[in-house]
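Letters A, B, ... are given to chains in the order of the sequence lines, protein chains preceding strands, and every chain is numbered from 1.
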Amino acid sequence: METFIGKSIKRREDDRFLKGAGRYTDDIKLKGMTHSAFVRSPYAHANIISIDVSEAQNMEGVVAVFTGNDACGAFGVPCGWQVDFKNGETMREPLHPLLAKDVIRHVGEAVAIVIAETQELARDAAELVKVKYKGLPAVTDPKKAMEAGAPKVHDQWPDNAAFDWCIGNDRAAVEAALANAHHVTEMEYKNHRVAPNAIEPRSYIASYDVNVDKYTLYTSTQNPHLIRLLLCAFALGIPEHKVRIVSYDVGGGFGSKIYHYTEEALLTWASKEIGRPIKWTSDRSEAFLTDAHGRDHVVHSKMGFDKEGKIVAHLTDEYCALGAYLSTFAPAVPTYLHGTLFQGVYTTPLIHLNVVAPFTHTVAVDAYRGAGRPEATYLLERMLSKAAKEMNMDPAELRFKNFIPPFDGVTQPGFQTQVALQYDSGNYEGVLKRGLEMLGYEDFRKEQAEARKNGKLLGVGISTYIEGCGIAPSAVVGALGARAGLYEVGHVRVQPTGKVSVFTGAHSHGQGHETVFAQFVADKLGIAMDDVDIVHGDTDQVAFGMGTYGSRSLSVGGSAIIKSIDKILEKGAKIAAHKLEAAEEDLVYAEGKWTVKGTDKSISFGDVSLTAYVPHDYPEGLEPGLDFSSFYDPSNFTYPFGTHIAVVEVCADTGKVTLQRFVACDDVGNVMNPMIVDGQIHGGVVQGVGQALLEEVVYDDEGQMITGSYMDYAMPRADDIPMIETDRTVTPCPHNPLGVKGAGEAGAIGSTPAVVNAVVDALAHLGVTDIQMPVTPQRVWKAMQN
Amino acid sequence: MQITMKINGQTYSHDVEPRISLAQYLRETVDLTGTHIGCDTSGCGACTVHVDGAAVKSCTLLAVQVNGSEITTIEGMANGSELHPIQEGFKEHHGLQCGFCTPGMVMTAADILKNNPNPSEAEIREGLEGNFCRCTGYHNIVKSIQHAAEKLNA
């Protein structure tokens with residue numbers, strides 16, 4: 001019988017996308033639908049003196065104009081994670097209003113919404129809204145935001161801090177170990193701000209049906225149920241059972257579509273006010289100004305080593321920007337998703353991280369592919385390579401010296417870190433060995449030395465990362481400040497004919513769930529993949545769910561489905577035993593049928609399903625039907641790891657960096673579909689390379705974004721990137737039924753420091769020890785001249 | 001302004017505002033929503049269609065500018081349920097993830113192969129220079145186009 005797990009099955013979702021038949025939100029048209037446009041602030045910080053909407057309101061074709069002075073002005077979107085100050089003071093949590101009423105706190109903040117018969121009319125009318133502002137000084141850099149006298153983002157508090165936080169060992173102990181260390185490596189840099197840039201801009205359609213008293217919100221989101229909960233219970237105070245959230249096809253997320261945005265709540269509110277559906281689709285300029293960004297940490301770090309090169313202590317202080325308001329998961333990103341990974345893959349005995357997280361006059365910073373882990377990995381991996389240079393050691397050798405030894409988490413216990421987490425299983429030296437072999441490391445070093453003699457600047461950079469996915473269990477994340485559980489729901493409905501509908505709370509926006517989930521469901525049930533349908537993205541169909549982010553879909557969402565399959569097979573066995581007149585314990589289930597051991601008596605899955613729904617000859621006391629839903633709350637995070645190695649050539653005349661090779665050996669646990677895992681790694685790697693070489697969101701001193709379009713913000717294009725050389729080792733996750741760890745973010749976590757390490761390596765003989773990202777030709781050229 | 005054009009072999013005639021882009025016209029008026037809009041500076045290429053046989057970013061042209069032209073969109077590439085060799089290449093080599101940039105990629109790929117039936121990897125990458133993909137890292141898109149080139153040359 002054909003099985004599917006572990007095979008590169010082609011995606012069943014592809015045909016509709018390839019034929020232009022995707023169902024993205026902006027593709028949807030509802031009867032009587034209106035269109036909307038926002039009036040947005042050109043100031044980063046200002047007082048609103050007056051808003052005059054009269055001319056816009058009177059324009060033909062305009063349906064309504066709302067400002068913060070209307071009823072919606074009282075509503076705001078909530079934050080989903082609370083991190084309190086070290087001294088016990090509660091996190092400072094300002095109202096994040098749907099429309100600014102008195103004060104503007106970032107460029108692009110919405111002041112009014114104009115609703116009209118067509119998109120063009122809405123935009124025309126928006127230009128007629130007259131807003132008088134009084135501009136005020138702004139601060140956009142997180143460290144400057146904490147300086148005395150810095151412009152305040154929220155006047156009600158004495159300074160800009162939303163919270164501060166620390167993790168790890170006692171600071172004094174870490175400082176003492178650093179003072180006694182044989183060698184200390186120090187780094188000061190900015191892990192700069194980047195924009196996620198899903199190619200589909202955010203898009204929403206809100207509709208209120210007065211006849212059934214029900215709202216429907218079509219939205220480009222990564223987590224429909226979470227949006228419903230936040231929208232109903234926190235933003236608008238409307239009944240949750242009267243709201244349906246639909247997100248069919250979503251054109252990429254990378255974190256930016258996790259959050260509950262103000263526009264979603266405002267459109268939902270306004271749709272009832274005007275009694276008609278309203279659509280809003282962001283344009284790219286608005287996306288740059290209003291989608292949550294990633295990173296933006298100012299870092300000062302020291303790592304101490306003994307004579308042999310063993311790490312003895314690591315101390316880091318960071319300023320991490322949050323933006324003007326707290327986005328849904330923002331407080332978790334520079335704290336529990338970041339500091340908890342400071343152990344890396346090393347045995348470091350003493351670690352301390354201190355974080356100050358201020359408000360800034362910018363759009364929010366929240367989780368962007370990797371969320372906190374890329375920032376931790378960048379720090380550790382740059383630090384290790386810088387230290388190796390300083391101690392005149394090979395960067396691979398220094399890593400081998402410091403690795404946590406292999407452990408499988410079954411016969412050997414998990415690894416307890418100094419920063420709260422317990423790793424599940426790992427073989428960190430295994431991925432580095434394989435990565436070096438894939439590259440031909442020793443040969444490359446010879447080639448590099450030869451090239452240098454000829455004035456050619458080649459460099460190699462290594463990064464050995466670990467990350468944490470599928471964060472859980474709910475009780476633990478609750479204790480860390482999460483205001484939601486982080487389980488997942490898997491509902492398996494066997495139809496009377498034995499066909500199977502699976503409803504998952506995970507959401508696919510490129511990851512291929514419709515294919516991968518069907519692969520393991522078909523295998524576990526011993527049926528054809530064609531007999532399995534995967535349903536997601538509609539709160540009226542899927543019972544509940546927490547959505548897709550943090551590489552959690554398979555490890556958490558997949559496990560919930562497995563739980564329901566187990567229940568189906570358990571009940572099915574009772575029906576089979578009855579029909580076969582045998583004892584349940586005498587039955588085995590394989591290849592889609594229950595067979596009485598040692599006989600050829602069997603009954604198929606389809607026949608059992610039919611019996612469950614037509615229960616004429618049926619076990620006494622057993623409920624009809626074959627339909628189970630399960631909640632799966634994992635016992636731990638999963639911890640994928642890997643080695644990424646970059647080879648670059650630097651042009652000696654211009655400083656331009658060319659990425660020549662990129663080698664990735666990742667361990668994501670068991671693999672359901674190698675083709676899809678490779679694709680996830682490729683995409684993640686290139687986003688990480690983008691941050692290293694090209695991408696940066698820049699705000700000027702007045703808080704104007706000067707990289708707000710594709711003419712100014714440099715994302716990797718096809719000719720910036722070589723083919724990505726991938727391989728993997730497999731260390732199964734010991735605590736979930738599929739043994740999977742997650743592959744969505746790994747690429748973006750491991751790649752960035754590998755590239756910067758390679759550039760610094762290419763220039764090391766010129767005395768270059770560090771370069772600020774993104775490593776643009778100008779920065780490289782300047783570094784070479786110094 | 002009244003315009004008439006042939007789109008995927010069918011003739012359409014509409015009275016449109018002169019300021020409407022071809023991309024908007026295709027999506028809003030003709031209801032061909034396979035052509036996507038990902039930016040406002042002609043930078044992303046998601047809106048790429050063929051105008052009189054050449055790949056063009058349809059957000060950059062006004063609908064009235066292509067009055068009388070023949071347009072092919074992503075909806076015109078497959079032959080019923082049979083995918084075009086380029087579409088087949090993308091499926092075979094996992095050249096798409098979220099699918100949003102895909103229509104533009106396929107239309108650009110067709111243009112690359114029309115002008116150069118045997119492109120090198122570097123030529124394919126250069127040809128894709130006007131199209132962003134944020135999901136695939138381009139690796140599998142390049143392989144998809146190589147697959148299509150082989151298939152079309154067979």
Heavy-atom pair count under 4.5 Å with chain A, highest-scoring of [options]:
options: K143(B), E88(B), M77(B), E121(B); value: E121(B)
options: I37(B), D40(B), T41(B); value: D40(B)
options: E126(B), H94(B), M105(B); value: H94(B)
options: S81(B), G127(B), A78(B); value: S81(B)

Would you please test Q119(A) and E28(B) for side chain to side chain donor-acceptor pair (under 3.5 Å) and show each step?
CA-CA 10 Å; Q119(A) 195 191 348; E28(B) 304 296 331; over 6 Å; no
Any donor and acceptor pair, going by atom type alone, linking the side chain of [X] with main-chain N or O of [Y] inside 3.5 Å?
X: E127(A); Y: D124(A); answer: no
X: D283(A); Y: E286(A); answer: yes
X: E649(A); Y: L659(A); answer: no
X: S709(A); Y: M711(A); answer: yes

With heavy-atom distances below 4.5 Å as the criterion, would you say the side chains of M715(A) and L694(A) are in contact?
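M715(A) does not reach L694(A) side chain to side chain.
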Side-chain heavy-atom pair D712(A), I706(A) within 4.5 angstrom cut-off:
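No. Closest side-chain heavy atoms not under 4.5 Å.
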Ring-face cation contact, Y138(B) with R125(B), 6.0 Å cut, 45° max
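Not flagged: R125(B) not positioned over aromatic ring of Y138(B).
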Assess, by modelled atom type and distance only, whether the side chains of [X] and [Y] contain a donor and an acceptor separated by less than 3.5 Å.
X: R202(A); Y: T219(A); value: no
X: E745(A); Y: S551(A); value: yes
X: H507(A); Y: T221(A); value: no
X: H536(A); Y: E514(A); value: yes
X: T34(A); Y: E117(A); value: no
X: T73(B); Y: T35(B); value: no

Heavy-atom pairs under 4.5 Å with chain B, option from [options] with the top count:
options: R284(A), R16(A), Q680(A); value: R284(A)
options: I721(A), D27(A), V686(A); value: D27(A)
options: G22(A), S285(A), G253(A), A21(A); value: S285(A)
options: K10(A), R23(A), H509(A), Q511(A); value: K10(A)
options: I199(A), T118(A), D15(A); value: I199(A)
options: D720(A), I676(A), T281(A); value: I676(A)

In Å, rounded to the nearest 0.5 Å, how long is the span from CD1 of I258(A) to CD of Q222(A)?
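Result: 5.0 Å between the selected atoms.
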Using a 4.5 Å heavy-atom cutoff, which residues in residues 96-103 of chain B come close to chain A?
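Expected list: L96(B), Q97(B), C98(B), G99(B), F100(B), T102(B), P103(B).
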Under 4.5 Å, heavy atom to heavy atom, which residues of residues 53-64 of chain B contact chain A?
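Within residues 53-64 of chain B, no residue comes under 4.5 Å from chain A.
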By a 4.5 Å heavy-atom criterion (distance strictly below it), what part of [X] contacts chain B: side chain, backbone, both, or neither?
X: D26(A); result: both
X: D249(A); result: neither
X: F288(A); result: neither
X: E13(A); result: neither
X: V689(A); result: neither

For S751(A) and F662(A), what are the C-alpha separation, side-chain angles and deciding distance, and is it a side chain to side chain contact (heavy atoms under 4.5 Å, CB included)?
CA-CA 9 Å; S751(A) 57; F662(A) 197 95; 3.5 Å; yes
Mutual orientation of the aromatic rings belonging to H139(B) and H682(A) [parallel < 30°, tilted 30-60°, perpendicular > 60°]:
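If you compare the ring of H139(B) with that of H682(A), the planes turn out parallel.
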Which bit of I20(B) comes within less than 4.5 Å of chain A, counting heavy atoms only: side chain, backbone, both or neither?
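I20(B) touches chain A through side-chain heavy atoms alone.
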Counting only heavy atoms closer than 4.5 Å, note whether E92(B) contacts chain A via side chain, backbone, both or neither.
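Backbone plus side chain of E92(B), per the 4.5 Å heavy-atom cut-off to chain A.
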Would S220(A) and Y24(A) count as a side chain to side chain contact (heavy atoms under 4.5 Å, CB included) if you check the C-alpha gap in whole Å, the side-chain angles of each, and the deciding distance to 0.1 Å?
CA-CA 7 Å; S220(A) 51; Y24(A) 303 95; over 6 Å; no
